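These notes concern the structure reproduced below.
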Amino acid sequence: MKILVCISNVPDTTSKINFTEGDTKFDTNGVQFVINPNDEFGLTRAMWFKEKQGATVHVATVGGAQTEPTIRKALAIGADEAIRINAEPTDGFFVARQLAEVAKNGGYDLIIAGRESIDYNGGMVPGIIATLLDMNFVNTCVSLEIEGTDAKAVREIDGGNETIATSLPLVIGGQKGLVEESDLRIPNMRGIMMARKKALHVVEATDAPTMTADVKFEKPAAKGPVKLVDAGNIDELISLLHNEAKAI
Amino acid sequence: MKPDLFEAPDYYHLDDLLSEEHLLVRDAARQWVKRDVSPIIEEYAQKAAFPKQIIGGLAEIGAFGPYIPEAYGGAGLDQISYGLIMQEIERGDSGVRSTASVQSSLVMYPIFAYGTEEQRKKYLPKLATGEWMGCFGLTEPNHGSNPGGMETKYKDMGDHYLLNGAKLWISNSPFADIAVVWAKNEEGRIHGLIVERGMEGFSTPETHNKWSLRASATGELIFSDVKVPKENLLPNKSGLGAPLGCLDSARYGIAWGAIGAAMDCYDTALRYAKERMQFGKPIAAFQLQQKKLAEMITEITKAQLLAYRLGQLKNIGKATTAQISMAKRNNVEMAIKVAREARQILGGMGITGEYSIMRHMMNLESVITYEGTHDIHLLITGADITGHQAFK
């Protein structure tokens with residue numbers, strides 16, 4: 001089984017978020033980047049397939065040279081080869097188009113992408129890849145087992161889970177549940193040393209239209225000061241909730 | 001203890017100077033400390049025990065001999081990687097970093113640099129995986145800053161050496177499998193010997209009741225007519241320069257490690273100051289607290305630059321003993337001052353085990369003393385710039 005794990009290079013969850021150029025661009029100054037958590041759950045599940053079922057695991061990302069530490073980490077965790085598509089990601093279609101092109105040429109049986117990246121939260125990439133390649137697709141996937149070409153996937157749905165029988169070739173949109181946070185791996189020194197020798201292919205981007213453009217980013221409004229109301233003064237509390245907070 | 005919310009300060013964007021591999025190594029160590037050290041370290045420090053269960057993890061992140069070549073089980077990393085690993089481990093606890101420093105710089109390094117090929121092959125791979133732990137015996141009860149006056153000695157008995165003497169303040173001694181011991185031969189020349197646990201007449205009593213490095217095991221090495229096989233002598237360097245060469249490597253690691261302790265104290269104090277409300281606003285809004293925090297980040301940033309440049313020099317083999325002394329002295333004093341100021345910001349909370357600050361502060365009292373005291377390092381700089389030794 002040949003698996004492609006699509007990896008997005010996203011700001012660490014503790015990053016301070018700011019925008020530049022008239023609030024149209026994310027300010028990367030001083031920001032640390034990590035493997036998108038939804039992709040990391042998928043990568044860790046792919047490592048399980050590698051170790052238990054002899055799968056080959058490749059990782060791919062769309063980004064400039066600055067994303068290489070992130071994919072090198074995936075190699076240090078255990079992926080066999082990495083592909084960097086040398087282009088700045090613009091929107092979901094552009095990214096999916098690039099990844100689909102790599103996937104088509106690589107002959108993968110299973111493509112794992114995160115359900116969404118935690119920066120722009122588009123949530124479109126795995127679905128568009130599946131459409132472009134005409135492959136089966138399971139989104140919000142919280143469990144995946146493969147036997148031969150048969151796949152059993154569990155999908156998270158509102159208030160519960162749905163178990164689906166499908167087959168390879170398959171694209172999944174992965175998330176927590178594929179593995180748990182405690183299963184995530186820290187690259188060990190042996191892995192880091194081996195990663196030095198593993199192939200990191202840089203391929204040029206395929207022509208693809210950018211369908212959307214960022215017009216403006218806004219941060220949530222800052223929280224106002226807290227007003228403390230005396231416990232006995234219910235009338236004032238109701239008045240504030242009604243007239244000021246307009247909550248009732 | 002509170003959950004580990006550490007966010008590393010990088011005010012001058014030093015990460016931009018680090019290579020992809022540096023970042024990978026550093027972040028792996030950082031993640032490991034958060035996952036495996038932070039949740040347990042306070043408990044072990046309180047009960048004065050070394051958490052032996054983390055030895056495997058230390059080996060996994062490359063803390064044992066990261067710059068030793070791959071052929072001997074090391075990782076073949078550069079000196080900046082070694083420094084970054086030490087920084088991250090000491091961010092967790094100086095005692096744990098001490099264990100790693102000793103294993104790497106004081107045990108693996110002399111075997112690699114001064115040992116025979118047979119010694120390298122016998123010891124280094126097992127030390128790199130943590131299967132064997134080592135310690136280093138230089139300091140004696142009567143000889144601290146003046147190691148050249150050591151009394152431990154050995155005699156050539158024809159088919160073996162007979163070792164007698166005692167060493168004190170030895171990190172890892174209570175559980176170490178081997179000890180690299182410095183002793184004088186009959187001509188008074190200092191040589192290194194590898195002494196193995198189980199050799200008759202060799203004992204390692206533990207030093208109790210420390211108020212510092214409580215999560216690290218410290219003890220003595222006592223040699224009473226210990227028969228050491230001749231093949232256990234490190235043949236390729238002798239004289240005081242041999243152990244001092246190991247100390248250069250360990251002190252370099254400490255210069256980075258102390259930054260880790262300071263970063264943790266600063267980060268804790270900054271978070272606390274932003275959350276702690278007094279007189280209707282966070283204490284971070286008061287000038288006196290801002291002065292403390294601003295000075296802390298300034299000093300941490302300067303120390304980071306010092307360590308980074310020293311790492312570059314060490315990578316090309318140009319870092320001098322005096323340059324290493326300057327960085328060890330400056331960075332440890334910086335860290336101890338940051339710990340004390342951070343403790344002030346936390347008020348009473350700062351003295352409890354809920355936060356790491358007081359543990360770091362007490363640990364650093366050892367770090368400022370061992371591997372060359374604060375004063376001795378000053379005199380090394382003094383001698384270097386004036387040409388006059390003022391040690392004695």
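Keep in mind the model is a prediction, meaning the values are calculated, not measured. So that the names make sense, note that chain A is the first sequence line, chain B the second, and so on, each numbered from 1.
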Whatever's closer than 4.5 Å to a heavy atom in chain A on B/D10 counts as neither
Would you say A/K176 has more than 12 foreign heavy atoms packed within less than 6.0 Å of its NZ? no
Honestly, the part of B/L14 sitting under 4.5 Å from a heavy atom of chain A is neither
_Within a 6.0 Å radius of atom NE2 on A/H201, are there more than 12 heavy atoms belonging to other residues, nucleotides or ligands?_
yes
When every non-hydrogen atom of B/R35 is compared with those of A/L184, the smallest separation belongs to NH1-O, 4.2 Å
Open item on the list: If you define the side chain from C-beta out and look only at heavy atoms, does anything of B/V25 sit under 4.5 Å from A/M189?
Closed with: yes
Any carboxylate oxygen within less than 4.0 angstrom of a Lys/Arg side-chain nitrogen, looking at A/K73 and B/E21?
no
| query | When you look at OH of B/Y12, are more than 12 heavy atoms from neighbouring residues, nucleotides or ligands closer to it than 6.0 Å? | reply | no
Of A/V34, A/D12, A/T70, A/T14, the largest count of non-hydrogen pairs under 4.5 angstrom with chain B goes to A/T14
When rounded to the nearest 0.5 Å, the distance separating CD of B/E20 from OG1 of A/T67 is 9.0 Å
Taken to the nearest 0.5 Å, the spacing of A/I192 CD1 from B/L77 CG works out to 7.5 Å
Taking CD in A/E218 as the centre, count heavy atoms belonging to other residues, nucleotides or ligands within less than 6.0 Å. Is the count above 12? no
Determine whether more than 12 heavy atoms belonging to other residues, nucleotides or ligands lie under 6.0 Å from atom CE of A/M194. no
- Assess whether salt bridge (charged side-chain N to carboxylate O under 4.0 Å, His left out) is satisfied between A/K197 and B/E70, documenting all intermediate values. CA-CA 14 Å; A/K197 294 168 192 141; B/E70 291 179 45; 3.8 Å; yes
Sidechain N-carboxylate O distance under 4.0 Å for A/K16, B/E7 | yes
| message | Quick check on B/Y11: does its OH atom have over 12 non-hydrogen neighbours (other residues, nucleotides or ligands) under 6.0 Å away? | response | no
To the nearest 0.5 Å, atom CD of A/E68 lies from atom CG of B/L24 at 12.5 Å
Closest heavy-atom pair, A/R196 versus B/G76, reported as atoms and distance to 0.1 Å, is NH2-O, 3.8 Å
Residues A/P187 and B/A28: closest non-hydrogen pair is O-CB, 3.4 Å
So, the part of A/Q32 with a heavy atom under 4.5 Å from chain B: the answer is side chain
Q | Non-hydrogen side-chain atoms of B/H13 and A/N29 separated by less than 4.5 Å | A | yes
